Number of protein chains: 2
Amino acid sequence: MKPTILHVAERAQVSKATVSRVLNRNPQVKEEIKERVLQAIEELGYHPSAIARNLATSRTNMIGLILPDITNPYFPVLARGIEDAAHRLGYALFISNTDNDPKLEREYIHKMVEQQVGGIVLISSILDEETVNDLNSLRTPIVLCDRVIANTSFDAVLIDDYKAAYEAVNCLIGQGHTRIAHLAGPKDIQSADNRKNGYLDAMREANLEPFISVGEFSYESGLHQMGSVIDEYHPTALFASNDLLALGAMQEIHRRGMSVPEDVAIIGCDDIPFSRMSRPLLSTISIPAYQIGVTAVQLLDDQMKGVSSGAKNVIMEHKLIHRETCGGVDQK
Amino acid sequence: MKPTILHVAERAQVSKATVSRVLNRNPQVKEEIKERVLQAIEELGYHPSAIARNLATSRTNMIGLILPDITNPYFPVLARGIEDAAHRLGYALFISNTDNDPKLEREYIHKMVEQQVGGIVLISSILDEETVNDLNSLRTPIVLCDRVIANTSFDAVLIDDYKAAYEAVNCLIGQGHTRIAHLAGPKDIQSADNRKNGYLDAMREANLEPFISVGEFSYESGLHQMGSVIDEYHPTALFASNDLLALGAMQEIHRRGMSVPEDVAIIGCDDIPFSRMSRPLLSTISIPAYQIGVTAVQLLDDQMKGVSSGAKNVIMEHKLIHRETCGGVDQK
DNA sequence: CTGAAAGCGCTAACAA
DNA sequence: TTGTTAGCGCTTTCAG
């Protein structure tokens with residue numbers, strides 16, 4: 001049986017209230033008594049119950065993180081930013097993977113609400129109407145990452161996917177490429193869609209014929225899709241909606257005996273750790289994932305403390321990183 | 001103000017107890033009343049407070065995961081296994097990164113105990129004496145991953161690092177290599193140490209001169225260390241203590257205009273996702289990270305339910321994967 | 001089949 | 001400066 005505050009109180013010959021006071025660093029406790037209490041705590045190996053405290057104060061120091069898949073190399077850095085910020089602010093962090101399943105998403109949101117988390121960082125790209133209604137009916141603060149929802153008032157921290165893609169494609173165009181293919185991510189993922197539109201507009205403005213292959217945000221998908229893209233379109237350049245796709249495509253290009261960037265130049269997106277390890281080094285759009293995480297938690301904390309001044313969308317800066325796969329400027 | 005069980009009770013014209021019964025799927029509630037309660041719940045957007053429930057039942061459905069760094073590509077898969085198993089068993093999961101800092105480790109363990117988690121999965125390679133004492137004084141079930149502690153009774157799920165390394169090195173020896181270097185991980189990390197010993201024994205038995213370079217478990221470390229290893233030892237083969245090191249080493253080898261596996265054959269360890277994306281594909285020792293996670297949670301669950309039959313060490317199977325960097329047998 | 005009431009471990013007035 | 005006491009929201013006997 002774990003010791004409770006009462007056991008400590010008895011052993012230290014004081015009341016529960018006094019023990020509670022030293023627990024909460026209330027200064028007005030006589031030094032001598034404080035010592036006694038501390039000693040009792042030590043001797044019993046007592047740990048206060050956060051649960052009981054939370055119930056008594058009707059607030060908790062827990063927040064939740066719901067994301068698609070920690071196994072996708074983009075997320076660990078983001079998650080780390082969130083976790084570091086959370087701990088710095090004194091929160092414990094719940095985590096759940098949804099695999100982009102809206103049903104699971106709702107289930108986990110409810111679970112966390114039931115756990116009485118003070119707020120949730122939600123990384124979801126596929127919020128359907130039902131989930132949004134759900135969210136709106138919650139009394140729990142929420143901050144979104146990588147996604148906005150029209151007609152709602154959730155804080156969000158984002159990057160400008162459209163512009164990032166637009167810039168990347170224009171970089172390729174600037175190098176004289178005319179046959180630039182695009183490996184797109186799932187159409188129901190907002191960032192994938194925005195990137196696709198950036199690609200499309202850049203191509204359109206340059207009067208170039210676009211070619212899009214839609215797939216998953218995965219290495220395997222890049223590998224498989226690139227085959228038919230090459231056969232059907234003979235691209236000299238590629239803009240991939242994320243680095244995993246880009247890396248898969250590169251592998252396929254190599255397997256066909258072609259080389260990067262000579263035969264096909266490539267620009268990816270995300271700047272996952274492995275893009276700095278591949279051969280050749282992947283040129284990509286760098287997204288400040290860690291900072292996004294930190295910012296999200298700060299927004300959440302503001303909301304939880306009631307400091308929030310209405311719904312905020314924070315747009316983080318992206319940056320096109322010229323490494324080796326895009327040819328041209330070589331300023332790695 | 002969030003609705004409580006009392007609000008639901010009033011609205012449904014029943015007592016708290018009855019609401020509690022339908023919440024807990026107690027079968028002996030008249031269908032009609034159950035409907036009324038359910039409707040009231042719906043209308044109020046009521047979510048039961050896990051906190052209050054936990055206090056009342058004096059047990060929680062939360063468990064904790066403490067690991068070094070989710071950003072290290074070995075861990076996301078392990079974490080995913082843990083999370084999936086946890087959710088399947090109805091647990092919510094706390095997560096904390098320690099960066100291998102013993103102080104942080106203890107801090108997080110205490111925090112989780114205070115949160116009243118039912119158990120903790122601890123992935124720590126550097127448990128110092130103080131932490132072990134700490135752990136022993138806890139009344140919270142703990143399962144270790146990738147590490148045993150002498151004279152303690154914690155369940156652990158492991159792989160045989162010594163044997164894995166021994167086999168990998170012998171594979172290299174079998175291919176005729178005589179100058180096989182080893183990139184070791186931090187000496188205070190048990191698995192790194194075991195792998196180093198496996199390397200050492202294999203070399204010794206074959207009467208070969210070993211060469212070890214100790215560093216961090218990182219890509220950058222591999223990159224930097226490999227330079228001097230080449231200069232000082234001129235290896236024709238390398239066994240790296242993990243894949244990140246192997247990948248870094250490979251990059252350095254390429255930068256010097258040499259090739260893999262022709263000039264230097266490489267075997268890594270962990271089989272992180274990137275090892276299937278590198279060029280050439282990395283030969284490595286595959287560790288069933290996901291399964292390790294699942295198993296750890298099962299052991300924890302057993303302990304929490306009191307089904308545990310004494311301290312258990314579960315050894316998972318590793319497997320040497322011949323891909324492209326080790327030359328010889330090419331059975332990718 | 002349903003209600004009343006005690007209590008989980010702690011905090012927070014209010015007294016003393 | 002310390003103690004007393006009433007809850008926080010829920011579960012769980014025990015009656016009815």
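Within every chain, numbering begins at 1; the chains are lettered A, B, ... in the order of the sequence lines, protein sequences first and strands thereafter. The model shown is predicted, which means the values in this text are computed figures rather than measured ones.
- One can place NZ of B:K2 at 11 Å from P of D:dG9, the figure rounded to the nearest angstrom.
- The side chain of B:T4 approaches D:dG9 more closely than any other nucleotide in the set D:dG9, C:dT11, C:dA4.
- In this structure, A:F94 and B:F94 have parallel ring planes: the angle between them is below the 30° cut-off, well short of the 60° mark.
- Rounded to whole Å, the distance from CD on A:E114 to C1' on D:dG9 is 13 Å.
- Counting non-hydrogen atoms under 4.0 angstrom, A:V29 reaches the backbone sugars and phosphates but no base.
- If you check D:dT4, D:dC10, C:dC10 against the side chain of B:A52, the one that comes closest is D:dC10.
- Note: CG (B:N61) to P (D:dC10) measures 14 Å, nearest angstrom.
- The side chain of A:S15 places an N or O atom within less than 4.0 Å of a non-bridging phosphate oxygen (OP1 or OP2) of D:dG3.
- Out of D:dG7, C:dC1, D:dT12, the shortest distance to the side chain of B:K30 is found at C:dC1.
- Between B:T57 and B:R21, the one whose closest nucleotide on DNA chain C sits nearer the 5' end is B:R21.
- Nearest nucleotide to the side chain of A:L55, out of D:dC8, D:dC10, C:dA12: D:dC8.
- A salt bridge does not link B:R147 with B:D161: none of the charged nitrogens is closer than 4.0 Å to a carboxylate oxygen.
- Between the side chains of B:E105 and B:S124, at least one donor N or O lies within less than 3.5 Å of an accepting N or O.
- Distance OH (A:Y46) to C1' (C:dC10): 7 Å, rounded to an integer number of Å.
- Between B:R106 and B:D128 there is a salt bridge, since a side-chain N of the basic residue sits under 4.0 Å from a carboxylate O of the acidic one.
- As a whole-Å value, the separation of B:R53 CZ from D:dC10 C1' is 8 Å.
- Protein atom CD1 of B:I5 is 16 Å distant from nucleotide atom C1' of D:dG7, rounded to whole Å.
- Rounded to whole Å, the distance from CZ on A:R139 to P on D:dG9 is 13 Å.
- Remark: A:T18 is in phosphate contact with D:dG3, judged by side-chain N or O atoms under 4.0 Å from OP1 or OP2.
- One interatomic measurement links the two molecules: CD of A:E10 to P of C:dG9, which rounds to 12 Å at whole-angstrom precision.
- Salt-bridge check for B:D301 with B:K305: passed, with a basic side-chain N closer than 4.0 Å to an acidic carboxylate O.
- Using a 4.0 Å cut-off, no side-chain N or O of B:S20 falls inside it from OP1 or OP2 of D:dC10.
- No engagement by B:I51 is indicated, since no non-hydrogen atom pair under 4.0 Å with the nucleic acid exists.
- Where B:K16 and A:P48 meet DNA chain C, the nucleotide closest to each residue was compared, and B:K16 sits on the side nearer the 5' end.
- Residue A:V14 is classed as a sugar-phosphate contact, given heavy-atom separations below 4.0 Å to backbone atoms only.
- Nucleic acid contact for B:N24: sugar-phosphate only, since backbone atoms but no base atoms lie under 4.0 Å from a heavy atom of the residue.
- Counting non-hydrogen atoms of neighbouring residues, nucleotides and ligands closer than 6.0 angstrom, the CD atom of A:E130 reaches no more than 12 such neighbours.
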